[in-house]
Structures are given as C-alpha cells and as structure tokens.
K.L.:
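Mind looking over this structure? Questions follow.
Count residues from 1 along the sequence. Heavy-atom basis, side chains included; hydrogens, waters and symmetry copies ignored.
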Amino acid sequence: MSKKNGIEALSRRAFLASAATVGAGALAAGPAFAQSALDGLLNAPRRGNWDDQFDAKAASRTATAVVSNTPILGPQSVASAQQAIMQYQQIAAAGGWPEVNPGDQRLQLGVSHPAVQALRQRLAITGDLPREAGMSSAFDSYVDGAVKRFQARHGLPADGVLGEFTLKAMNIPADVRLQQLNTNLIRLQTFPEDLGRRHLMVNIPAAYVEAVEDGSVATRHTAVVGRLSRPTHLVNSKIYEVILNPYWTAPRSIVEKDIMPLMRKDPTYLEKNAIRLLDGKGNEVAPETVDWNGEAPNLMFRQDPGKTNAMASTKINFYNKNGEYMHDTPQQGLFNKLMRFESSGCVRVQNVRDLTNWLLRETPGWSRQQMEQVIASGVNTPIKLAAEVPVYFVYISAWGMPDGIVQFRDDIYQMDGNAELALDTTAGMEQPVQ
C-alpha cells in the first residue's frame with residue numbers, strides 16, 4: 001500500500017465481481033446450521049405461561065456479549081470473515097429467515113403478539129436467541145436479550161425494542177447479507193496482516209475508532225464521520241502530531257455560506273465566538289472595517305483556543321491530501337445519535353483525551369497529568385510524536401470475529417452494491433418508547 005496516497009476505494013463493479021468469485025469458489029454449504037437452530041427452538045419445552053418466560057440470566061445475553069478486544073483489522077480478519085460467510089451460506093441455503101412484520105404493534109418486553117413467533121425464529125437462526133427459549137408469542141426476557149444482542153451486532157442502540165431501523169436491519173434477506181460479507185472480505189484482503197505494533201483504525205460505517213496495541217484493542221471510541229455528500233476519505237497514513245488547544249481556521253465555504261450571513265444579523269458574532277480576522281501578513285483586522293453586505297473578504301477567519309473552539313481541546317494530524325484530521329468537539333451530544341454521519345470529512349472523537357493520552361504515551365514528557373495541565377492553560381501547544389503512529393481509515397460494513405460473532409453496519413456511502421443495505425439510518429433516530 002502507498003504510504004502517502006492510501007488505499008483507493010475499489011469500484012462497486014470490481015467489488016461485486018470479486019464477491020461473486022468468492023461466493024462461487026466457496027464450499028457449498030447445506031442447511032444444517034439454520035435447521036439445527038430452528039429444530040432446537042421448536043423442540044424446546046414450550047413456554048406457555050408468563051411465569052416460565054422470565055430468565056434472570058437473560059440479561060447476560062445482551063450487548064456486552066458482542067464486545068471484543070479483537071480488532072476488526074488483524075491477522076484473524078480474513079479467516080473470521082470466511083467463517084462468517086460459511087455460516088451465512090448455510091442460512092441462505094436453508095431458505096434464510098422469516099420476515100418479522102408486527103404491523104402497528106410495538107414489540108418490546110412484556111408484549112404478547114403472534115409476530116413474536118416469527119421474531120423468535122429470526123433470532124434463533126442467527127444465534128441471537130438460545131434454543132432453550134422455546135416457541136411462544138410472548139416477548140419475554142429471552143427475546144429481550146436476543147433483540148439487544150442483534151441490535152449490538154448491527155450498531156443500533158441495544159434497547160430491546162423493535163424500532164424502525166432495527167426492523168429494517170432484521171428484514172434484510174440472508175442472501176443480501178451474504179453478499180455484503182463477500183464484498184467486505186475483498187476489502188479485508190487488501191490489508192497486510194502486520195499493520196504496526198501500535199496503530200489506529202477508523203471504521204467509517206461503524207463510526208468508531210480503535211486504538212490497537214500488540215494485537216488487542218487498547219481503547220475504542222465513538223466517532224462522528226463525514227456525511228454522504230462530504231464523505232470521509234479512505235486513508236493509509238501516519239499520525240505525526242497532536243495539537244492541544246488548537247486554533248481553528250474557517251474554510252472559505254463556511255465563511256461565505258455561514259459566517260457572512262451571521263455577521264449581517266449580528267455584528268458581534270465574531271467577538272462572541274472568539275474569531276479573529278487576520279490579513280496575509282498576520283495582522284489583525286477589525287471586523288467593523290469589513291463590508292459584511294458584500295463579498296467575503298480575503299482574510300483568515302481564525303478562532304482562538306477555548307471552549308467554543310470548533311475542535312475544542314484537541315486536534316490530531318496525519319498526512320493526507322484532503323486536509324482531514326481528527327479532533328475533539330464542543331458538541332458532545334452528537335455522540336449520542338443513532339448514526340453519526342454529520343461532518344464535512346474530518347472525524348470527531350468521543351473521549352478524545354483518552355486517545356491522545358494513548359498516542360502520546362511513547363513521547364517523553366507527556367504524561368496524562370501534563371497533558372491535562374496544558375489543556376487547562378488554554379495555550380496552543382503542538383506536539384510532535386516521538387514515533388509516528390500508523391492510521392487506517394477503512395470502509396468495513398460487515399465482518400466476523402474469531403468467536404463467531406458477525407457484525408453488520410448500514411452502508412452509509414452506498415458502496416456495497418445493494419440498495420437494501422443503505423438503511424437510511426442517517427435520516428433520523430428510532431422513535432423512543434411511548
């Protein structure tokens with residue numbers, strides 16, 4: 001891979017052609033897996049009374065069961081993806097799974113509805129529901145735990161409620177999921193097994209960051225990445241610098257589209273947001289000397305470090321031709337959203353100070369205490385890393401783990417070759433429980 005230019009995204013046609021080759025060359029799989037799961041469920045003792053439908057241990061079969069310290073990218077990635085493909089080949093060959101259609105009924109813990117039987121079958125086939133749960137129309141604690149496990153595997157809030165996007169993800173056909181796994185296997189095969197003893201991975205569809213050390217995830221972070229119209233680019237690069245209390249320079253597009261109109265409405269906007277105007281020689285220009293009703297001035301709009309700064313406490317720089325970087329944000333509420341595809345290409349990182357502390361750990365003189373002291377001072381402080389850390393921005397929307405857990409994500413950039421995989425989860429959030 002080129003260290004400067006990074007990994008270029010393969011064309012959708014090339015991906016699909018490669019995926020077809022993988023599918024054709026794989027071992028033909030029978031229906032044993034799916035049928036075995038269903039048989040176990042159907043033959044389990046029927047749980048007809050609510051007294052029998054609560055299992056205090058079901059809570060253990062929730063989101064925590066799919067969390068792993070094994071990185072998405074690593075020596076086991078390809079083998080784990082191939083294992084997942086074989087599993088889903090068996091499921092597809094057995095006829096896939098039933099559609100879950102609750103109509104207007106909101107399915108959640110405590111509800112009894114005929115659609116729950118199809119839901120149980122659906123969850124059992126993919127291993128989310130244990131066989132001892134049996135068949136019933138009751139949405140009991142077994143089903144609650146299974147739905148949460150399913151949601152966690154698909155990057156959805158693990159609340160146990162079948163909202164709009166959970167239902168969409170659940171009803172994607174098995175053969176489409178198989179295609180998605182094949183497509184992502186090709187992506188995984190483009191990476192070398194050795195990515196560096198310490199490296200960072202940003203998985204764009206999952207909108208999270210993994211800091212990997214000695215083959216294990218040292219710290220994982222929720223992220224906000226680029227929206228479809230301004231996507232975050234795929235990158236194979238190196239992090240060379242951390243800036244504490246960074247300045248932020250407004251791009252020309254933001255000056256024209258946002259700041260100019262705001263200054264017409266409120267002439268004190270720049271002052272309120274600690275934005276200074278600088279000419280080509282670095283001299284400060286008074287805002288009142290600018291005609292805000294005319295064209296945007298040929299000046300630098302630079303925001304001072306501080307709580308209102310668009311990058312807040314931290315900026316993380318890596319080599320790339322797109323001017324993208326990773327950073328903190330004063331808008332911490334963005335990390336609570338269902339899907340986090342809202343930036344213009346840069347990556348906002350939750351708990352970025354933990355990540356910065358990890359990045360600086362091998363740079364002498366930068367303990368966590370020292371870093372926090374500098375941030376508290378508000379002084380702009382660039383720090384060159386003693387050893388540059390490899391960073392990979394990747395597009396992996398489906399992957400397997402050595403323990404058999406299979407993960408899927410929304411195809412936010414529509415690169416997987418099937419419209420059904422772009423679930424439009426960026427359009428909003430699942431409706432809360434009424």
K.L.:
Check whether the side chains of Asp416 and Ser397 place a donor and an acceptor atom closer than 3.5 Å, and report yes or no.
P.N.:
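Short answer, yes.
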
K.L.:
Kindly determine whether Asn357 and Arg353 satisfy side chain to side chain contact (heavy atoms under 4.5 Å, CB included), including the steps that lead there.
P.N.:
CA-CA 6 Å; Asn357 182 58; Arg353 297 186 192 189; over 6 Å; no

K.L.:
Supply the atom-to-atom distance Asn184 CG to Phe408 CZ, rounded to the nearest 0.5 angstrom.
P.N.:
9.0 Å

K.L.:
Are Asp159 and Gln151 linked by a side-chain donor-acceptor pair shorter than 3.5 Å?
P.N.:
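Side chains of Asp159 and Gln151: pair found under 3.5 Å.
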
K.L.:
Hey, does Val406 have a side-chain heavy atom less than 4.5 Å from the side chain of Leu181?
P.N.:
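SC-SC contact between Leu181 and Val406 confirmed.
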
K.L.:
Any side-chain hydrogen bond (donor to acceptor under 3.5 Å, both in side chains) pairs touching residues 239-251, not counting sequence neighbours?
P.N.:
Glu241-Asn317

K.L.:
Distance only, no hydrogens: is a donor on one side chain within 3.5 Å (strictly under) of an acceptor on the other, for Gln117 and Arg120?
P.N.:
no

K.L.:
Any side-chain heavy atom of Pro71 sitting closer than 4.5 Å to one from Met201?
P.N.:
no

K.L.:
Enter the distance from Thr232:OG1 to Ile204:CD1 here, rounded to the nearest 0.5 Å.
P.N.:
5.5 Å

K.L.:
Hey, could you give me the CE/CG distance between Met311 and Leu244, rounded to the nearest 0.5 Å?
P.N.:
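Between Met311 CE and Leu244 CG, I get 11.5 Å after rounding to 0.5 Å.
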
K.L.:
Under a 4.5 Å cut-off applied to non-hydrogen side-chain atoms, are Gln90 and Met86 in contact?
P.N.:
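Counting from C-beta outward, Gln90 and Met86 never come under 4.5 Å.
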
K.L.:
Begin with the C-alpha distance, continue with both residues' side-chain angles, and end with the deciding distance and a verdict on side chain to side chain contact (heavy atoms under 4.5 Å, CB included) for Phe139 and Leu162.
P.N.:
CA-CA 11 Å; Phe139 196 120; Leu162 262 72; 4.2 Å; yes

K.L.:
Would you say the side-chain atoms of Ser313 and Asp328 include a donor-acceptor pair closer than 3.5 Å?
P.N.:
yes

K.L.:
Between the side chain of Thr363 and the main-chain N/O of Leu385, is any donor-acceptor distance below 3.5 Å?
P.N.:
no

K.L.:
Tell me the closest heavy-atom pair linking Leu200 and Val389, and the distance in Å.
P.N.:
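The pair with the smallest heavy-atom distance is N-CG1, 4.3 Å.
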
K.L.:
Are Leu234 and Tyr413 close enough that some pair of their side-chain heavy atoms sits under 4.5 Å apart?
P.N.:
no

K.L.:
Strictly distance-based, threshold 3.5 Å: is any side-chain N or O of Tyr392 a donor or acceptor partner for the main-chain N or O of Leu195?
P.N.:
yes

K.L.:
Taking Thr190 for the side chain and Arg187 for the main chain, is one N or O donor matched with an acceptor at less than 3.5 Å?
P.N.:
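Looks like yes, one N/O pair under 3.5 Å.
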
K.L.:
Establish, from distance only, whether the side-chain atoms of Asp411 and Tyr395 form a donor-acceptor pair under 3.5 Å.
P.N.:
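Asp411 vs Tyr395: donor-acceptor pair found between side chains.
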
K.L.:
Would you say that His233 contacts Phe393 through its side chain, given a criterion of any heavy-atom pair below 4.5 Å between the two side chains?
P.N.:
no

K.L.:
Looking at Pro251, is its backbone amide N or carbonyl O close enough to the side chain of Ser253 to form a donor-acceptor pair, meaning the two atoms are under 3.5 Å apart?
P.N.:
no

K.L.:
Any chance you could measure Asn171, atom CG, to Glu99, atom CD, to the nearest 0.5 Å?
P.N.:
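Here the rounded value is 4.5 Å.
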
K.L.:
With a 3.5 Å distance limit and no angle check, can you tell me whether Gln303 reaches the backbone of Thr308 through a side-chain donor-acceptor pair?
P.N.:
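Such a contact is found between Gln303 side chain and Thr308 backbone.
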
K.L.:
Spell out, as yes or no, whether a donor-acceptor pair under 3.5 Å connects the side chain of Asp140 to the backbone of Val143.
P.N.:
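Confirmed, Asp140 side chain pairs with Val143 backbone.
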
K.L.:
Hey, could you give me the OG1/CZ distance between Thr314 and Arg348, rounded to the nearest 0.5 Å?
P.N.:
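That separation rounds to 14.5 Å.
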
K.L.:
With a 4.5 Å cut-off on side-chain heavy atoms, are Met170 and Leu119 touching?
P.N.:
yes

K.L.:
Does some side-chain heavy atom of Pro382 sit less than 4.5 Å from a side-chain heavy atom of Asn380?
P.N.:
yes

K.L.:
Before giving the answer on side chain to side chain contact (heavy atoms under 4.5 Å, CB included), spell out for Ile412 and Val225 the whole-Å C-alpha distance, their side-chain angles and the decisive distance to 0.1 Å.
P.N.:
CA-CA 11 Å; Ile412 173 61; Val225 299; over 6 Å; no

K.L.:
Would you compute the distance between atom CE of Met371 and atom CG of Leu359 and round it to the nearest 0.5 angstrom?
P.N.:
10.0 Å

K.L.:
Quick one: does Arg220's side chain have a donor or acceptor within less than 3.5 Å of a partner on Ser68's backbone?
P.N.:
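Yes; judged by distance alone, with no hydrogens or angles, the pair exists.
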
K.L.:
Would you verify whether the NZ or CZ of Arg198 falls within 45 degrees of the ring axis of Trp358 while also being under 6.0 Å from that six-membered ring's centre?
P.N.:
yes

K.L.:
Is the backbone N or O of Arg409 less than 3.5 Å from a side-chain atom of Arg153, with the two atoms forming a donor-acceptor pair by type?
P.N.:
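Such a contact is absent between Arg153 side chain and Arg409 backbone.
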
K.L.:
Any sub-3.5 Å donor-acceptor pair from Ser137's side-chain atoms to Val116's backbone N or O?
P.N.:
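No: the side chain of Ser137 does not pair with the backbone of Val116.
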
K.L.:
Using 4.0 Å as the upper bound for N to carboxylate O, is an ion pair formed by Lys148 and Asp128?
P.N.:
no

K.L.:
Do Asp410 and His154 make a side-chain contact, defined as non-hydrogen atoms from C-beta onward lying under 4.5 Å apart?
P.N.:
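Of all side-chain heavy-atom pairs linking His154 with Asp410, none is under 4.5 Å.
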
K.L.:
Quick one: does Glu210's side chain have a donor or acceptor within less than 3.5 Å of a partner on Ile72's backbone?
P.N.:
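Side chain of Glu210 to backbone of Ile72: a pair is present.
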
K.L.:
Does the side chain of Arg122 come under 3.5 Å of the side chain of Thr126 through a donor N or O and an acceptor N or O?
P.N.:
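Yes - a donor-acceptor pair under 3.5 Å links their side chains.
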
K.L.:
Could you go through Leu355 and Met326, starting from their C-alpha distance and side-chain angles, then the distance that decides it, and tell me whether this counts as side chain to side chain contact (heavy atoms under 4.5 Å, CB included)?
P.N.:
CA-CA 11 Å; Leu355 179 59; Met326 303 169 71; 4.1 Å; yes

K.L.:
Mark yes when over 12 heavy atoms from residues, nucleotides or ligands other than Lys265 sit less than 6.0 Å from its NZ; otherwise mark no.
P.N.:
no

